[in-house]
Every structure is written in C-alpha cells, then in structure tokens.
Amino acid sequence: MDEKRIADIVAQSVTLKQRFFAERAGVLLEVGRRIAERLRAGGRVLVFGNGGSAADAQHLAGELVVRFLRERPALSALALTTDPSVITAMANDLGYAQVFKRQIEAHGRTGDVAIAISTSGRSPNVVEAVKAARARGLLTVALTGNGGGTLAGLVDLLVDVPHSETPRIQEVHAMIVHILCELIEEEASA
C-alpha cells in the first residue's frame, strides 16, 4: 500500500457517504422519527449484529441510554450482543442462529423496536431475530448493504448502503448510527 492507495480509499468512502446521504436522507428521517415515537410511548430499542455490526449495535445502545449530544432522560436501549454468558449458552445449547432470536423472545414487546445490523443482510442469527421481532409486533429496522439480502424482504424499514464491500458499508453504518442518535435524541426529547 502507498499514499495514493490510502487517498483512493478515503475518496471512495467520502464519495459513497455523500451519495448515500444525499439520496437517502428521507429514509433516515423516517427511521429516526419512528424509533423516537416508540421510545416516547414507553418502548425500547433492541439492537443486534455480528462482528463490526455488533460493535455498531453496542455503540447505538450506549448513545441512547447515556446521551449523544445533550443532557436528557435516558432512552431505553439494549444491545443483544453484550452478554457473553447468554450468547455462549444459547450458541452451545440451541445453536448460534438462535442467539438474538431467543433474546427478542425474552425482551421484545409490542411497541419496541428491533434494529438488525448486517452488511450482507443474510446472517442467519440476525434474520431469525427479525422474524421473531415481527411475530411479536416490534417495529423492525435493518441497516444493510448491497441490496439488503434476506432482510430487505422482512423489515418494516430498510436502510441499505448501495455497495458490496464490507469496510465501506460499515463506514456508512457508523455515520448512520450517529445521525440516528441525533435524530432520536431530538425527537424523543421534544
């Protein structure tokens, strides 16, 4: 790798972000408003994903519970990626495809929001959790890439990054998380 390659990677990332947010700002506004509406009504956000998407899930939940840009009452959010005892017991006893589904069954209630984060939109454990969330009456949202995969046909609201490379999709997802936090914080506190 050299300096030109680094500059090319940055340019590709910036161009993708500019195009995505210019084309899909309306979708983000709708997602933020719908989540805030559920939170104001007493619902909670349940968010999950694998690998880098698990980190995004934890980041989103942390910003909602603690605060993003301003002091405000805590917002109810739970990352389903953070309890190693639950995750490893379920993976061992029920199979890894069940780790988020079972937690949706335990914690999800009508009026809550399930946010699935998957760059491919095809992760079996994420897909199974969304199916469980829909069956329980949760609002379902997915952050995906490259067309949304299986999740595209399952969720109420799809935020799909039109790209095929996981690193570029995750870079946009990180910015989506921050924008959603700001939108939700403004709307839920209104």
Side-chain angles (χ1 to χ4, degrees), residues 1 3-39 45-69 75 77-82 100 113-127 129-130 133 138-188:
M1 184 175 293
E3 290 176 4
K4 180 171 180 343
R5 178 66 183 130
I6 293 171
D8 288 345
I9 291 168
V10 171
Q12 185 182 58
S13 182
V14 169
T15 299
L16 176 61
K17 287 175 187 165
Q18 288 173 328
R19 189 177 88 231
F20 175 84
F21 291 105
E23 294 172 359
R24 293 191 167 84
V27 172
L28 291 180
L29 287 169
E30 175 69 12
V31 169
R33 287 183 185 128
R34 299 274 304 273
I35 293 170
E37 178 181 276
R38 296 282 177 122
L39 288 167
V45 172
L46 305 173
V47 58
F48 48 92
N50 297 297
S53 298
D56 288 339
Q58 291 170 224
H59 186 170
L60 176 59
E63 299 288 14
L64 295 178
V65 170
V66 180
R67 67 164 189 241
F68 185 63
L69 290 175
L75 299 171
L78 180 63
L80 303 183
T81 57
T82 59
F100 301 134
V113 180
I115 301 177
I117 306 176
S118 171
T119 58
S120 71
R122 295 186 312 269
S123 300
N125 60 346
V126 174
V127 169
V130 168
L138 280 69
L139 174 69
T140 56
V141 178
L143 306 184
T144 66
N146 201 26
T150 307
L151 290 176
L154 293 178
V155 296
D156 298 308
L157 298 165
L158 178 66
V159 183
D160 179 58
V161 178
H163 206 279
S164 60
E165 293 179 10
T166 297
R168 301 298 86 83
I169 296 165
Q170 288 177 330
E171 289 159 7
V172 177
H173 281 180
M175 186 167 265
I176 290 168
V177 165
H178 279 169
I179 289 171
L180 285 177
C181 286
E182 189 164 350
L183 285 166
I184 293 164
E185 190 168 78
E186 287 178 7
E187 292 282 328

Any residue meeting side-chain contact (heavy atoms from CB on, under 4.5 Å) with Thr119, in chain and number order, not counting sequence neighbours: Ser53, Thr166, Ile169, Gln170, His173
Salt bridge (Lys or Arg N to Asp or Glu O under 4.0 Å): pairs with one or both residues in residues 145-172, sequence neighbours excluded: Arg134-Asp156, Glu165-Arg168, Arg168-Glu171
Sequence-distant partners of His59, ring-ring contact (aromatic ring centres under 6.0 Å, His included), two or more places apart: His178
Leu60 CG to Ile35 CD1 distance, which is reported to the nearest 0.5 Å: 7.0 Å
Leu39 side, atom CG; Ile184 side, atom CD1 - distance, nearest 0.5 Å: 6.5 Å
Interatomic distance, Leu180 atom CG to Glu63 atom CD [nearest 0.5 angstrom]: 12.0 Å
pair Glu185-Leu69: side-chain heavy atoms closer than 4.5 Å: yes
Nearest non-hydrogen partners of Leu151 and Ala116, listed with the distance: CD1-CB, 4.2 Å
Flag side-chain contact, heavy atom, 4.5 Å: Val155 against Val130: yes
Contact list for residues 145-155, test salt bridge (Lys or Arg N to Asp or Glu O under 4.0 Å), sequence neighbours left out: none
Ala54 to Gly49 - nearest heavy-atom pair and separation: CB-O, 3.2 Å
Minimum side-chain heavy-atom gap Ile9-Gln12 below 4.5 Å: no
By side-chain contact (heavy atoms from CB on, under 4.5 Å) - contacts of Ala61 (at least two apart): Val47, Ala77, Ala79
Heavy-atom pair of closest approach, residues Gly32 and Leu183: CA-CB, 4.3 Å
Heavy-atom pair with the smallest gap, counting every atom of Thr150 and Leu154: O-CG, 3.6 Å
Those residues that, when tested against Glu30, pass salt bridge (charged side-chain N to carboxylate O under 4.0 Å, His left out) (two or more places apart): Arg34
Flag side-chain contact, heavy atom, 4.5 Å: Leu75 against Phe68: no
For Asp56, side chain to side chain donor-acceptor pair (under 3.5 Å) partners two or more places apart: none
Qualifying residue for side chain to side chain contact (heavy atoms under 4.5 Å, CB included) with Leu78, from Leu46, Val45, Val65: Leu46
Validation row: Ile176, Val31 side chains within 4.5 angstrom (heavy atoms): no
Report all side-chain donor-acceptor pairs from residues 14-27 shorter than 3.5 Å, counting only partners two or more places apart or in another chain.
unit_1: Thr15; atom_1: OG1; unit_2: Ala11; atom_2: O; d: 2.8
unit_1: Arg19; atom_1: NH2; unit_2: Pro162; atom_2: O; d: 3.2

Considering all heavy atoms, the nearest Leu158-Ala152 contact: CD2-CB, 3.8 Å
